[in-house]
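One structure is given here, and the rest of the page talks about it.
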Amino acid sequence: MRNALGSVDTVLLLGGRSEIGLAIVARLVRDGASRVMLAARGGTVPDEELERLRRLGAEVHVVDFDASRPETHQDVIDTAAAKLGDLDVVIPAFGVLGSQAAYDRDPEVAARDVAVNFGGHVSAGLAAARRLREQGHGTLVVLSSVAGVRVRRANFVYGSAKAGLDGFAQGLGDALHGSGARVLIVRPGFVIGRMTEGMTPAPMAVGVDEVADAVIEALRSRARVVWVPARLRPAFTVMRLLPQAIWRRMPR
Amino acid sequence: MTLLTGWGRTAPTPATLARPRSADEVAALVKENTAGRGLLARGLGRAYGDAAQNAGGTVLDCTALPPSWTLDPEAGEVTASAGTSLHDLMNALVPRGWFVPVTPGTRYVTVGGAIAADVHGKNHHVDSSFGAHVRSLTLVTADGSVRVLGPADDLFWATVGGMGLTGVIVEATFACVPIETSRMRVDVERTRDLDETLDVMTATDDRYRYTVAWIDLMARGGRTGRSVLTRGDHATREDVRGVVRGDPLAFAPRQRLAAPPWVPDGLLNRATVGAFNAVWYGKAPKARRGLIQGVTPFFHPLDAVAGWNRMYGSGGLVQYQFVVPFGAEDTLRRVVGTLSTRRVVSFLTVLKRFGVGTPGMLSFPMPGWTLALDIPAGVPGLAGLLRTFDDWVVEAGGRLYLAKDSRTSAASVATSYPRLEEWRAIRDAADPDGVFRSDLARRLRL
């Protein structure tokens, strides 16, 4: 249960090796969360990550999870609820980022990645939402992206999956209204981390820690949407208004 | 679904609210709810945290049980339905020359809630807590049966202080206290600092049935812990001769004020609370003996303002109450010193000496010092500060009051309530499928 000061007790991370996901979980544990389940492909999470969370005082469980197999997602949620009890925070943090050029060459890979980045979040999100609704409390943290706020030529396959995810998260949040369960939509800009290694950071790039800090603050204040950094929100208010002829020429 | 919170107005969760009007209706509701998210009895919602919430489940509004009471003056006993408030009871009993055995800082609690939280009052050092005076109680258990329990039953002591997790209390019989008047004879004195407060209370508390110290937490340095001690007894007819005209047992409390429905956030801040504290301390006499006071100003000053919890704004408030055993005064000094130097806003800080506890396995009071703080939930750094206090308290052999808690950890409760396992065994036997559940029980894994 979330307590009076905003700390939670249990956390489920789907995509248990995600850098951003683990950074959020570590902060939640530091703030008092005592039971964590990391759901990762093959049921493997690097020992040092497990150790780190255990040293912070959490009981950590690991379970096999494959984002590309939606038929298994309900089971994973049920397993987590059986092990942890009520799920206070669920964070689907899995995702793949390929280059647009690679997607252009291989449409099948593109479709497969979209199935994970969008379809996987739909099945995992709906399964989690069902449980949260039954509980009458709990937050689903959806890691959207500004890439989906207005899709750019430079990464439109990834961006369109994020656009779909963002819309899904908004609709799900509205559907859960009044149930006690909530959705937090996180819209980071370019995040410098393992997933973007070798790429040149875009303007207003942020680090993994900044994203995690912003998520913690948003969970505490029960915000519906958080932009990281916060100034991306006014920036995108303007960018959404740019004529297509200019938007099309955006270098990246 | 109805969104419910405790008195602190933090962490709301939705539940289906049912309003049973009889023990039979309670039993029927229990039988209907054996699967799913379970159910829980709720009284007047005065527990500060999530004790009377059940997210996604059913909550029985026990104030729907028609208030009823019968007085047996021979035995000095009252039998009342669980939904009867102490307010209703006092209105009925005081003019007849009887007083409730224990009253907390508000009259707006139900008999069921008073037993479930094993509430204490200013007379704990003499009279222990509410459960000590209960002769029998009627409990609807998880199988839907209606059982009458007495102090010889284990389930009775799992229910006293059991936070509603053993079943639904529907009726209770408890001893009452004979009184000659509806007034209190009160001595008020001020102390310079915490040490003097502790010394005076230790030396002379036993002369009074009711005692409490209000601490000015905003005072710092050499004045840290300066207090106003209020101590008294039920006034006799002799005491009020010439002071009270008419029937000395007349009792007609009124709520004079109500907090406005909306209050700007941050109204209770360092400046306003500091000013209030300074005035409260300043207006108290250095020493005044034999003051004749009514029940409300002596026992329930905050009851004069309906919905006073709204004064804390939309963020709500956290009440932090712990007890440490006698001998652990250093822990008390450390907590008061830290609050004072960190200038933590606490509107009403109350210190009290506890006497012996009840055999209730999850009952809070134990011989020692108890300190209660009211803090706006939005105070920066509060979570970490209170976690530190938890550690100090548990280390000193003390514990936190579950009826007030809204933020401690399962680990601190497991260490500080040594009879938790024993309680669980009895609860599990009475409720093997976990029908009775609350947000508090989930949060603290009771």
Side-chain angles (χ1 to χ4, degrees), chain A residues 1-11 27-36 54-60 77-78 80-90 128-140 175-182 213 216-217 219-223, chain B residues 1-16 36-38 48-50 53-59 314-320 375-387 390 404-412 414 434 437-445:
Chain A
M1 296 295 309
R2 183 180 195 271
N3 76 17
L5 299 177
S7 295
V8 297
D9 189 33
T10 62
V11 190
R27 281 163 175 75
L28 290 173
V29 170
R30 218 172 285 142
D31 287 348
S34 67
R35 292 186 195 187
V36 170
R54 285 182 182 137
R55 263 203 314 276
L56 290 171
E59 172 190 314
V60 187
I77 298 292
D78 293 345
K83 267 269 187 277
L84 305 182
D86 280 8
L87 305 177
D88 296 342
V89 178
V90 180
R130 179 189 296 180
R131 169 72 201 185
L132 301 189
R133 179 190 287 279
E134 268 171 34
Q135 291 175 185
H137 71 101
T139 307
L140 178 71
L176 288 173
H177 186 81
S179 71
R182 321 172 41 248
D213 287 342
I216 296 300
E217 186 45 44
L219 282 172
R220 197 170 288 285
S221 67
R222 294 175 82 69
Chain B
M1 291 281 206
T2 310
L3 213 52
L4 297 172
T5 71
W7 192 243
R9 302 171 77 225
T10 50
T13 57
T16 305
R37 300 285 293 174
Y48 283 78
D50 45 9
Q53 293 171 230
N54 181 20
T58 301
V59 169
S314 62
L317 79 141
V318 169
Q319 160 107 194
Y320 189 77
I375 309 171
V379 165
L382 187 58
L385 183 68
L386 295 184
R387 268 202 297 269
D390 285 0
K404 303 272 180 90
D405 178 62
S406 59
R407 36 67 48 203
T408 194
S409 67
S412 90
R437 300 191 209 172
S438 66
D439 287 0
L440 175 103
R442 289 189 186 96
R443 184 168 55 78
L444 300 177
R445 290 184 219 141

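Basis for what follows: all heavy atoms, side chains included, without hydrogens, waters or symmetry-related copies. Below, read A as the first sequence line, B as the second, and so on, with proteins coming before strands; counting in each chain starts at 1.
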_Separation of B:T408 OG1 from A:L5 CG (nearest 0.5 Å)_ =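 Taking CG in A:L5 and OG1 in B:T408, the distance rounds to 10.5 Å.
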
*Going from CZ on A:R2 to CG on B:D50, what distance comes out if it is rounded to the nearest 0.5 angstrom?*
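It is 11.5 Å, given to the nearest 0.5 Å.
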
*Step through the shown structure and confirm whether more than 12 heavy atoms of other residues, nucleotides or ligands are within 6.0 Å of CZ on A:R130.*
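At most 12 heavy atoms, drawn from other residues, nucleotides or ligands, come within 6.0 Å of this atom.
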
*Which of the residues B:S406, B:G57, B:G315 is involved in the greatest number of heavy-atom pairs with chain A at under 4.5 angstrom?*
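Of B:S406, B:G57, B:G315, B:S406 has the most heavy-atom pairs under 4.5 Å with chain A.
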
*Among B:T5, B:L317, B:L382, B:L386, single out the residue with the greatest number of heavy-atom pairs under 4.5 Å to chain A.*
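Winner by heavy-atom pair count: B:L382.
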
_With a 4.5 angstrom heavy-atom cut-off, is it the side chain or the backbone of B:R407 that approaches chain A, or both, or neither?_
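When you check distances to chain A, atoms from both the backbone and side chain of B:R407 fall under 4.5 Å.
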
For a 4.5 angstrom cut-off between non-hydrogen side-chain atoms, does [X] reach [Y]?
{"X": "B:R445", "Y": "A:S34", "value": "yes"}
{"X": "A:S7", "Y": "B:R387", "value": "yes"}
{"X": "A:M1", "Y": "B:T13", "value": "yes"}

*Do A:D86 and B:R443 meet the salt-bridge criterion of a basic N to acidic O distance under 4.0 Å?*
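Salt bridge: no.
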
*What are the two closest heavy atoms between B:P14 and A:G136, and how far apart are they?*
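Scanning both residues completely, I find the closest heavy atoms to be CD-O, 3.0 Å.
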
*Heavy-atom pair with the smallest gap, counting every atom of B:V318 and A:A4*: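 Heavy-atom minimum between the residues: CG2-CB, 4.2 Å.
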
*Could you tell me which portion of A:Q135 (side chain, backbone, both or neither) has an atom closer than 4.5 angstrom to a non-hydrogen atom of chain B?*
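Backbone plus side chain of A:Q135, per the 4.5 Å heavy-atom cut-off to chain B.
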
*For A:S179, is it the side chain, the backbone, both or neither that has a heavy atom under 4.5 Å from a heavy atom of chain B?*
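For A:S179, the backbone is the part near chain B, not the side chain.
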
